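First the structure, in the form of structure tokens, and then the observations on it.
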Amino acid sequence: MSTILLKTIILLFIKIENEEATLENEEIPPRNAGTEDMDSFILQLKSCNIHTMKAFDFSEEKYSLDETLIITDCSTLARKYMKKGYPVIGYRHGFNIDDLFSKVTYVVENLQEITADYFVNIFKRFKKLPWEILETRRCRVREITVDDTEALYKIYKDPSITLYMENLFGNPLEEKEYIKNYISSIYGFYGFGMWIIELKETGEIIGRGGLEQKEDSKHLELGYVIAKPYQRQGYGKEVCSAILQYGYESLGETIIEAIMEEENQASLALCSSLGFQFHSKVIKDFKNYKRFTITILR
């Protein structure tokens with residue numbers, strides 16, 4: 001698990017008082033908040049080198065915006081610290097089930113079932129940092145960033161790359177805007193999509209690969225592109241095999257499909273080597289495609 005930036009998680013609960021408390025002119029009903037045993041949860045996070053504490057208050061001078069994630073069971077407290085710039089997750093439990101946590105992007109209900117990786121990734125989402133998805137023997141797969149734009153144009157300038165797939169925007173500024181929207185709407189909503197493939201040894205970007213939910217299918221679709229200088233070296237199979245495994249293990253998918261033009265012999269061969277089976281023919285935009293599926297039985 002990456003330890004990037006996130007150092008502290010503060011479980012910020014409402015202080016139990018006999019009288020109603022107020023915060024920024026909003027009423028906070030006193031209640032027995034967060035009374036379940038948090039010891040195992042706190043120990044689990046600490047074992048991942050994340051300092052974690054349960055508190056009714058904390059020193060903002062000591063815990064900076066750039067290193068701290070707040071989990072709170074009060075939407076008023078959530079709004080207070082969101083305004084200050086802290087990443088905040090709402091926590092709904094048996095004593096605050098009616099709290100809607102309006103304007104709070106992430107709300108959880110059972111802390112005991114959530115891993116440290118989840119909180120690291122949510123923290124990265126707040127900080128607009130890419131998630132690290134997986135690693136293979138030679139490659140690292142991660143989310144795309146706007147800074148990847150130049151490397152992608154270098155890959156796509158080879159005419160063979162766009163022979164069977166859509167090209168990038170002609171204007172790099174449009175492509176950057178598209179990437180920003182993709183990060184927000186696709187990664188932010190689904191938690192997956194098309195990712196960047198880079199060499200572990202050098203960090204060089206050699207392509208893209210991932211899983212996408214298309215409107216005309218109930219199954220996720222595998223997609224990939226490998227830069228021309230790195231084709232026919234096994235990178236496609238190496239990365240796609242790992243992506244399929246990720247789909248099964250992390251996303252819970254049992255059927256994944258791949259769709260390609262009938263003339264795309266390289267992709268047809270790769271699909272066969274990965275274990276895909278022919279499913280049906282598809283016509284899109286007056287072009288003939290083949291749909292393949294791969295199934296894993298649990």
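Please read these numbers as outputs of a predicted model, since none were measured by experiment. Residue numbers run from 1 in the order of the sequence given.
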If we only count heavy atoms from C-beta on, is the P130 to I144 side-chain gap below 4.5 Å? no
Check whether any side-chain N or O of S47 sits under 3.5 Å from a backbone N or O of Q44 as a donor-acceptor pair, and report yes or no. yes
What are the two closest non-hydrogen atoms of I255 and T295, and how far apart are they? CG1-OG1, 3.8 Å
Would you say that F101 contacts R92 through its side chain, given a criterion of any heavy-atom pair below 4.5 Å between the two side chains? yes
Run through the side-chain heavy atoms of Ile, Leu, Val, Met, Phe, Trp and Tyr, join any pair under 4.5 Å, and report what else lands in I97's cluster. none
Between the side chain of D99 and the main-chain N/O of S75, is any donor-acceptor distance below 3.5 Å? yes
Show, in sequence, the C-alpha distance, side-chain angles and deciding distance for E60 and K62, and conclude whether the side-chain contact (heavy atoms from CB on, under 4.5 Å) test is met. CA-CA 5 Å; E60 296 176 27; K62 182 178 179 180; over 6 Å; no
Does any part of the side chain of L111, heavy atoms only, come nearer than 4.5 Å to the side chain of L11, both counted from C-beta? yes
So does L270 get a backbone contact from the side chain of S273, meaning a donor-acceptor N/O pair under 3.5 Å? yes
Please confirm whether the backbone N or O of L6 pairs with a side-chain atom of D66, one donor and one acceptor, at under 3.5 Å? no
Start with the C-alpha gap between I70 and F58, add the side-chain angles, then the distance that decides, and say whether side-chain contact (heavy atoms from CB on, under 4.5 Å) holds. CA-CA 10 Å; I70 294 174; F58 70 97; 3.6 Å; yes
Can any side-chain N or O of N288 pair as donor or acceptor with the backbone N or O of E262 at less than 3.5 Å? no
Given side chains that start at C-beta, do those of I161 and Q231 come closer than 4.5 Å, heavy atoms only? yes
Between E143 and R125, does any side-chain N to carboxylate O distance fall below 4.0 Å? yes
Which distance, rounded to the nearest 0.5 Å, do you find between the CD of E113 and the CZ of F41? 12.0 Å
Chi angles and distances behind the side-chain contact (heavy atoms from CB on, under 4.5 Å) call for I71, Y106: CA-CA 10 Å; I71 303 173; Y106 299 98; over 6 Å; no
Other residues, nucleotides and ligands only: do more than 12 of their heavy atoms fall within 6.0 Å of CZ on F278? yes
Please assess L251 against Y246 for the test side-chain contact (heavy atoms from CB on, under 4.5 Å), listing each intermediate value before the final yes or no. CA-CA 7 Å; L251 303 180; Y246 181 88; 4.0 Å; yes
Mind telling me whether Y86 and Y81 have parallel, tilted or perpendicular rings, with 30° and 60° as the class edges? perpendicular
Taking the six-membered ring of Y289 (Phe, Tyr or Trp), confirm whether the NZ or CZ of K281 is under 6.0 Å from its centre and within 45° of its axis. no
Nearest 0.5 angstrom please: L152 CG to I179 CD1, how far? 6.0 Å
Measure the shortest side-chain to side-chain distance between M53 and I10 over non-hydrogen atoms and say whether it is less than 4.5 angstrom. yes
Shortest non-hydrogen separation from F123 to L5 and the atoms involved: CE2-CB, 3.6 Å
Side chain of Y63, backbone of L69: donor and acceptor closer than 3.5 Å? no
Over 12 foreign heavy atoms within 6.0 Å of NE2, H279: no
Donor-acceptor contact below 3.5 Å, side chain T52 vs main chain I50: yes
Polar contact flag, side-chain donor to acceptor under 3.5 angstrom, D158-S160: yes
About how many Å separate CG of D57 and CG of L12, when rounded to the nearest 0.5 Å? 7.0 Å
Smallest separation among heavy atoms of S241 and L274, with atom names: OG-CD2, 3.2 Å
Identify the two heavy atoms, one from F13 and one from F56, that lie closest to each other, and give their separation to 0.1 Å. O-CD2, 3.4 Å
Test of understanding: clusters of I, L, V, M, F, W, Y form through side-chain heavy atoms closer than 4.5 Å, transitively. Do Y182 and L173 belong to the same one? no
Cluster check L211, I133: I/L/V/M/F/W/Y, side chain < 4.5 angstrom: yes
Backbone N or O of E253 within a donor-acceptor pair of the E249 side chain at under 3.5 Å? no
How far does CG of L129 sit from CD1 of I183, to the nearest 0.5 angstrom? 10.5 Å
What heavy-atom pair brings V104 and A78 nearest, and what distance separates the two atoms? CG2-CB, 3.8 Å
For the pair N264 (side chain) and E261 (backbone), establish whether a donor and an acceptor sit closer than 3.5 Å, ignoring hydrogens and angles. no
Counting only heavy atoms not in K154, do more than 12 fall under 6.0 Å of its NZ? no
Decide whether L77 and V88 are clustered together by the hydrophobic rule: side chain heavy atoms of Ile, Leu, Val, Met, Phe, Trp, Tyr closer than 4.5 Å, transitively. yes
Using modelled atom types and a 3.5 Å cut-off, is there a donor and acceptor pairing between side-chain atoms of S184 and backbone atoms of K180? no
Are the side chains of P87 and M82 in contact, using a 4.5 Å heavy-atom criterion? no
Do K124 and E132 come within less than 4.5 Å of each other through their side chains, counting heavy atoms only? yes
Around K127, counting heavy atoms of other residues, nucleotides and ligands shown, do more than 12 lie under 6.0 Å from its NZ? yes
I'd like to check S267 versus Y164 (side-chain heavy atoms, cut-off strictly below 4.5 Å). Are they in contact? no
Side chains of Q277 and T293: is there a donor and an acceptor less than 3.5 Å apart? no
Between Y91 and E109, what is the shortest heavy-atom contact and its length? CE1-O, 3.6 Å
Same apolar cluster: L220 and V282, side chain cutoff 4.5 Å: no
Inspect the surroundings of CD1 in I283 and state if more than 12 heavy atoms from other residues, nucleotides or ligands are less than 6.0 Å away. no
To the closest 0.5 Å, what do you measure between CG (N171) and OH (Y178)? 15.5 Å
Tell me which donor-acceptor pairs under 3.5 Å the side chains of residues 190-210 have, and how far apart each pair is, sequence neighbours excluded?
from : atom 1 : to   : atom 2 : distance (Å)
E198 : OE1    : R142 : NE     : 3.2
E198 : OE1    : R142 : NH2    : 3.4
E198 : OE2    : R140 : NH1    : 3.4
K200 : NZ     : T136 : O      : 3.0
T202 : OG1    : E204 : N      : 3.2
E204 : OE1    : Y230 : OH     : 2.6
E204 : OE2    : Y230 : OH     : 3.1
R208 : NH2    : Y156 : OH     : 3.0

Kindly work out whether a path of hydrophobic side-chain contacts (I/L/V/M/F/W/Y, heavy atoms less than 4.5 Å apart) joins L163 to I226. no
Candidate list T149, D147, D148, test side-chain hydrogen bond (donor to acceptor under 3.5 Å, both in side chains), partner T145, passing option: D148
Measure the spacing between CD1 of I9 and SG of C48 and express it to the nearest 0.5 Å. 9.5 Å
